[in-house]
Structure formats: C-alpha cells, structure tokens
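Just so it is clear, the structure is predicted and the values come from calculations on it, not from any experiment. In listed order, ligands and their atoms are each counted from 1.
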Amino acid sequence: MAGLEGKVALITGAGGMRGVGRASALKLAAQGAEVAITDVQRDASDLPPGEIREEWRGIHSVSEEVEALGRRCLPLYCDLGDGEQIEGLVEQVKSHFGRIDILVNNARAIIGRDKASVTELEREVWDHFLAINTTAVFLCTKLVGQDMVARGEGGRIINIASNAAKQASAMGAAYSASKFAVLGLTQASALDLAPYNITVNAVCPGPINTDRMSYWEREQAAGRGMSLEEFRGRIVRDAGERTPLGRIAEAEDVANMVAFFASEEASFITGQAYNVNGGLLFH
Ligand SMILES: NC(=O)c1ccc[n+]([C@@H]2O[C@H](COP(=O)([O-])OP(=O)(O)OC[C@H]3O[C@@H](n4cnc5c(N)ncnc54)[C@H](O)[C@@H]3O)[C@@H](O)[C@H]2O)c1
C-alpha cells in the first residue's frame, strides 16, 4: 500500500478510546498522513465506563498518540448537528494544514433512543439521526469537496456506513434510513466529483467491537442487574457466534478498509459500498 506522506486527513467522531475514528487516525498517521480529528464534547454520562476508568481524554488522547507516530495532529471539537460549527471546523483545518486530501465521515449520533418501532419513534430522535448521520456527511462532503475541487489535486472521501445501510432491522428506522441515505449520497457525490479525480466510497461494517455508547444497552443492562460492560460483552460474543468468520469486527478491520480507500491503489474505485462484516451479508 502506497504511503500517505504529505497528505492531510480529516476524521470525524475520532475521540472514542476503542472507536473506528481513533483506529483510522492511527492507521492513516502510520502511513504518513497528518490528521485533524474532531468530536463533540460529551457529558460524562454519555461516555463509556472504560473511558472514565482510564481517564481517557478523547481527541486529546488520540492526538498524543498520532504525534507519538511522528505526525502532526489537530484536535478540534465540533458538534456536527450545527452547520456553522462544521464550516468553522473545515476552515480551521484548511488554515492549519493548508489542505485536506482525505475526509473520513465516521461520526454518528449516540445510539439507543432510536431503538423503537416506527410507530413509537420520536420525531426529535429521527431528526437528530438524520442530522448527524446524513446531513453532516453531506455538509462535510460539500465543504471539503469544494476545497479539493479548487486545489485540483484530487482527493478521497470515505463514508462509514453500516450493514444497516443495506439491510434494515426492526426498531431501526432512523438509523437505517440515515445510513441508506449515506449510500445514495456516496454514489451521487462519486459521480459529481469523478471529473476532479476525487473518489467517494463507503465502508459498510457489521457489528464492531467498539465501546459505542448506547442508551438502550445501558437500560437493558440495568434492567438485568448487569454492568453495561458485562451486557456489551454478551452482545459482542453472541454477534460473533452468528458471524460466519466467528467474531465481530475490531475497529482496526474497518480502519484497514479506510486506509485502502485512501491509498493510491484504490484510485480507480469510486461510488462503492464495501462490506467489512465477516460474511454476514453479501450485497
Ligand atoms: N459499532 C458498531 O457496531 C458499528 C456497526 C456498523 C457501523 N458502525 C459505524 O461505524 C462508525 C463508527 O462507529 P463507532 O462504534 O466507532 O462510533 P461511536 O458510536 O462510538 O460514535 C462515533 C463518534 O461520533 C461522535 N458523535 C456523536 N454525536 C456527535 C455530534 N453531535 N457531533 C460530532 N460527533 C458526534 C461520538 O462522540 C463518537 O466519538 C459510525 O459511523 C457507525 O455508524 C458502527
């Protein structure tokens, strides 16, 4: 895989200790990229227990890890639900690094409140999922895409979608609709940006062994008198048993596909939605 020296990547939702954003930042940095990483400032009640126990400092901890690899890193807070903050984010990254070559749209709304039948789903929850999982991906693509087009040196846009972008589940209307939309956005953007040598692709992971915060999992754990981590461990084990390759994805499995799409070797691939799911789904 060719190196990414001289390239600058912007990765959203990158503050999680075990998240895909952090794994992608470290993978791209290890291949030579400088990285800007962003996340929302979350209340302690919205952080996974492991991050609190280990005094994890989100994007600032990830930034130190990237710098330890000898690469520059710019950690910035941004609430992706706010279009003005997204504009400010892109401007700050451009003025700090002078360019953005790779955009990884990885953030998603905190899950759990969306887990409801379509007849029970709150409008506010629907709106929030569409805002963070879809509209923010559009806005980042638009603003970063404008800069890539203006510079005329090509680029890479990588959207982290999901199995749920291809196959919905019961009680998944908001999440699935928001992720199906990302695949439509990926295809249309790929066509719009192809003349500028900017590729746009999506990664569709099955379940990933991250410490994602889920209000639903927290409630279920409490109802069973279990810790969230114990309950989460059970979900990870059960989902692994249902997966042909016998385990669920690690964040690094997804980051490997991000790095491939970012590489020179992937220069002729655009508009695709590639599964990283251990054989769970084939289309
Ligand atoms: N974890 C899984 O099982 C799984 C499965 C399939 C797809 N995915 C996708 O992979 C990606 C990464 O998943 P993960 O489990 O590492 O992440 P995650 O659920 O921990 O969330 C990613 C990040 O998004 C950030 N975020 C939440 N609200 C935000 C806001 N308003 N503004 C800015 N950032 C905000 C969070 O703080 C977090 O750092 C997501 O797009 C997710 O949909 C995850």
Side-chain angles (χ1 to χ4, degrees), residues 10-25 37-48 50-51 56-62 75-83 85-86 88-89 104-114 125 127-137 139-140 158-167 169 172 174-183 186 202-217 232 235-236 238-240 243 247-255 257-258 273-278 280-281:
L10 166 59
I11 304 168
T12 67
M17 190 171 76
R18 301 183 59 220
V20 170
R22 173 195 177 201
S24 300
I37 50 175
T38 180
D39 211 331
V40 71
Q41 261 178 310
R42 291 203 253 167
D43 289 343
S45 61
D46 283 341
L47 292 173
E51 291 191 10
W56 180 251
R57 291 175 298 111
I59 48 176
H60 297 291
S61 295
V62 178
L76 294 168
Y77 287 113
C78 172
D79 184 342
L80 293 170
D82 179 336
Q85 287 193 36
I86 296 177
L89 167 74
V104 184
N105 285 305
N106 167 72
R108 63 144 162 210
I110 298 177
I111 55 175
R113 298 204 171 108
D114 60 310
V125 173
D127 286 345
H128 182 65
F129 271 66
L130 271 287
I132 308 301
N133 295 4
T134 311
T135 306
V137 178
L139 290 173
C140 289
I158 301 152
N159 299 325
I160 310 301
S162 174
N163 248 25
K166 296 181 171 184
Q167 174 73 57
S169 309
Y175 186 64
S176 252
S178 72
K179 292 290 188 179
F180 267 72
V182 165
L183 297 195
T186 300
V203 185
C204 294
I208 314 169
N209 188 15
T210 65
D211 266 347
R212 65 193 197 170
M213 184 58 216
S214 164
Y215 299 124
W216 181 84
E217 288 174 16
R232 178 87 187 123
I235 290 181
V236 167
D238 293 350
T243 304
R247 65 170 177 88
I248 67 169
E250 296 297 326
E252 290 71 21
D253 293 310
V254 182
M257 185 53 65
V258 169
Y274 206 96
N275 297 337
V276 178
N277 64 19
L280 268 180
L281 187 74

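Residue-to-ligand polar distances keep Ala14 apart from ligand 1: every N/O pair is separated by 3.5 Å or more. For a threshold of 3.5 Å applied to N or O pairs, the pair formed by Asn163 and ligand 1 contains no separation below that value.
Between the side chain of Thr134 and the main chain of Ser178, a donor-acceptor pair closer than 3.5 Å is present. A distance-only check finds a donor-acceptor pair linking the side chain of Glu51 to the backbone of Met17 [under 3.5 Å]. In this structure, the side chain of Arg18 engages the main chain of Asn209 through a donor-acceptor pair within 3.5 Å. Using modelled atom types, no side-chain atom of Arg232 and backbone atom of Arg212 make a donor-acceptor pair closer than 3.5 Å. Panel note: side chain Ser214, backbone Glu217; a donor-acceptor pair is recorded below 3.5 Å. With hydrogens and angles disregarded, a donor-acceptor distance shorter than 3.5 Å links the side chain of Lys166 to the backbone of Ala273. No donor-acceptor pair closer than 3.5 Å links the side chain of Ser162 to the backbone N or O of Cys204. A donor-acceptor pair under 3.5 Å is absent between the side-chain atoms of Trp216 and the main chain of Asp114, judged by distance alone. The backbone N or O of Ala161 sits nowhere less than 3.5 Å from a side-chain atom of Asn159 that would complete a donor-acceptor pair. The closest donor-acceptor contact from the side chain of Thr12 to the backbone of Thr38 lies at 3.5 Å or more, if one exists at all.
Looking at Tyr175 against ligand 1, only its side chain comes within 4.0 Å, counting heavy atoms. The backbone of Cys78, and not its side chain, has at least one atom closer than 4.0 Å to an atom of ligand 1 (non-hydrogen atoms only; backbone = N, CA, C, O). By the criterion of a heavy-atom distance under 4.0 Å, neither the backbone nor the side chain of Arg18 is placed next to ligand 1.
Residue contact check: Val20 has heavy atoms under 4.0 Å from atoms 12 (C), 16 (O) of ligand 1. Shown in contact with Gly19 at under 4.0 Å from a heavy atom are these atoms of ligand 1, numbered in order with element: 16 (O). Atoms of ligand 1 lying under 4.0 Å from any heavy atom of Asp79, numbered from 1 in the order shown and given with element: 30 (C), 31 (N), 32 (N). Within ligand 1, the atoms closer than 4.0 Å to a non-hydrogen atom of Ala107 are 24 (O), 34 (N), 41 (O), numbered from 1 in the order shown. Listed by number with element, the atoms of ligand 1 under 4.0 angstrom from any heavy atom of Pro207 are 3 (O). When each atom of ligand 1 is checked for a heavy atom of Ile132 under 4.0 Å away, the hits are 31 (N).
Closest of all the heavy-atom pairs between Leu183 and Ala202 is CD2-CB, 3.6 Å.
Proximity of Gln167 to Leu280: side-chain heavy atoms (C-beta onward) are nowhere separated by under 4.5 Å.
Nearest protein heavy-atom neighbour of atom 14 (P) of ligand 1: Thr210 OG1, 3.9 Å. Atom 36 (C) of ligand 1 has its closest protein heavy atom at Asp39 OD1, 3.3 Å. Distance from atom 41 (O) of ligand 1 to its nearest protein heavy atom, with residue and atom name: Asn106 O, 2.8 Å. Arg108 O, 3.5 Å is the protein heavy atom nearest to atom 26 (N) of ligand 1. Nearest to atom 9 (C) of ligand 1 among the protein's heavy atoms is Ala161 O, 3.6 Å. For atom 29 (C) of ligand 1, the closest non-hydrogen atom on the protein side is Val40 CG1, 3.7 Å. Regarding atom 32 (N) of ligand 1, its nearest protein heavy-atom neighbour is Leu80 N, 2.9 Å. Looking at atom 2 (C) of ligand 1, its nearest protein heavy atom turns out to be Ile208 N, 3.6 Å.
Ligand 1 does not have Gly21 within reach: every non-hydrogen atom of the residue lies 4.0 Å or more from it. Within the structure, ligand 1 has Lys179 among the residues with a heavy atom less than 4.0 angstrom away.
Here Asp253 pairs with Arg247 in a salt bridge; the nearest charged N to carboxylate O distance falls below 4.0 Å.
When Gly206, Ala136, Ala109, Ala239 are ranked by how near their heavy atoms come to atom 5 (C) of ligand 1, first place goes to Gly206.
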